[in-house]
There are 2 protein chains.
Amino acid sequence: MAASDSSTSRRAAMTDAGLDAVDRTILSELSRNGRLSNTELAARAGIAESTCLKRVRALQANGVIVGFHAEISPAAIGLHLEALITIRLHAHARGDLRRFQAYVEELPATQRVYFLAGDRDFLVHVAVPDAAALRELVSDTLSLRPEVASTSTSLIFAHAAGSRGI
Amino acid sequence: MAASDSSTSRRAAMTDAGLDAVDRTILSELSRNGRLSNTELAARAGIAESTCLKRVRALQANGVIVGFHAEISPAAIGLHLEALITIRLHAHARGDLRRFQAYVEELPATQRVYFLAGDRDFLVHVAVPDAAALRELVSDTLSLRPEVASTSTSLIFAHAAGSRGI
DNA sequence: TATGAAATATAATAACA
DNA sequence: TGTTATTATATTTCATA
């Protein structure tokens with residue numbers, strides 16, 4: 001929503017948000033492998049290294065690429081149990097949504113938080129060492145909060161990223 | 001689960017899966033910024049560059065670091081609507097779970113798939129251009145599959161990563 | 001076995017056409 | 001956008017604790 005303006009005629013074959021085929025290749029490659037070297041990325045995109053560097057920087061400046069992250073296996077660091085917890089807040093606590101969201105985001109077990117429309121306010125993906133830790137998280141850390149009306153927990157057998165098909 | 005054996009006495013102050021404080025620093029930094037240079041990472045972890053490089057590679061070889069990925073803003077690439085879809089399969093189709101999971105993972109809209117215990121089989125995080133695309137995804141792409149017994153869709157107002165507190 | 005210092009190879013970046 | 005020159009970084013080698 002920054003640099004590139006709305007005149008779509010300047011660059012060739014743009015589909016969305018001013019992204020052309022080269023940008024899409026860059027996004028696709030970097031979402032699959034965020035540590036791909038600029039050299040290799042330029043080769044795959046069919047452009048010069050300096051051009052590639054500028055493209056990547058522009059994508060970051062324009063908010064298309066939000067960040068780069070290492071994906072850590074929860075099980076490999078002792079978090080053997082993952083769960084999804086849906087949380088409903090009391091109607092009178094809806095004004096504190098942002099504060100509660102911040103609280104949940106800061107919990108060490110939290111992997112991801114979804115703030116939802118509909119009857120459930122939040123869905124939280126958590127990773128914990130064992131069932132006891134999950135029980136404590138749900139029964140104490142979450143349910144004892146005054147804003148929380150109810151929770152519902154489902155164990156996660158497995159999860160996977162999508163196709164990353166940009 | 002590879003290289004480092006189970007004798008926890010060799011290295012200092014290990015908490016989980018043979019990870020010491022240096023490893024945790026590395027994981028924490030790289031999950032926050034997956035493109036941190038090895039030079040900077042070594043400085044933050046308080047170790048030599050060559051040592052740092054070996055640590056990172058060992059963490060990858062041992063499956064602790066699964067990969068590195070660019071985080072793309074769906075809205076910035078024209079996917080302005082995100083939703084969570086819970087999917088229940090017919091009891092007789094449970095044997096095809098893996099196949100259905102693969103199908104869902106490959107859909108262009110799919111951001112993430114959770115395979116669950118309990119009454120819902122799957123939860124899928126999707127990103128689509130607009131409401132029409134979401135309707136088509138739910139009504140046709142998913143509900144017309146013979147395995148699918150029912151779906152339930154919730155719009156996502158916002159979502160965020162957890163604290164990444166390794 | 002893990003570490004670090006130094007040397008080398010590779011890549012990122014900037015200046016300019 | 002690409003070519004070239006420069007700087008920084010990644011990586012290997014080897015010595016050490």
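Proteins come first, then strands; the chains are lettered A, B, ... in the order of their sequence lines, and each starts at number 1.
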When you compare the protein's N or O atoms with those of nucleotides 15-17 of chain D, which come within less than 3.5 Å of each other, and at what distance?
none

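- At the phosphate of C:dA2, neither OP1 nor OP2 sits under 4.0 Å from any side-chain N or O atom of B:R55.
- The salt bridge (charged side-chain N to carboxylate O under 4.0 Å, His left out) contacts involving residues 95-118 of chain B comprise B:D96-B:R99, where partners must be two or more places apart or lie in separate chains.
- Residues passing the ring-ring contact (aromatic ring centres under 6.0 Å, His included) test with B:H69, sequence neighbours excluded: none.
- Judged by closest nucleotide on DNA chain C, B:I47 is the one of B:I47 and A:K54 placed further toward the 5' end.
- There is no side-chain donor-acceptor pair under 3.5 Å between B:R24 and B:S28.
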Scan nucleotides 11-13 of chain C against the protein and return all N/O pairs shorter than 3.5 Å with their distances rounded to 0.1 Å.
from   : atom 1 : to    : atom 2 : distance (Å)
C:dA12 : OP1    : A:N38 : N      : 2.6
C:dA12 : OP2    : A:N38 : N      : 3.1
C:dA12 : OP2    : A:T39 : N      : 2.9
C:dA12 : OP2    : A:T39 : OG1    : 2.9
C:dT13 : O5'    : A:R57 : NH2    : 3.1

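- A salt bridge between A:D20 and A:R55 is present, with a side-chain N of the basic residue lying under 4.0 Å from a carboxylate O of the acidic one.
- A:F157 pairs by the ring-ring contact (aromatic ring centres under 6.0 Å, His included) definition with B:F115, not counting sequence neighbours.
- B:E29 pairs by the side chain to side chain contact (heavy atoms under 4.5 Å, CB included) definition with B:T25, B:L36, B:L41, B:R44, not counting sequence neighbours.
- The aromatic rings of A:Y103 and A:F100 lie tilted to each other, with the angle between the two planes from 30° to 60°.
- Between B:R94 and B:D121 there is a salt bridge, with a side-chain nitrogen of the basic residue lying less than 4.0 Å from a carboxylate oxygen of the acidic one.
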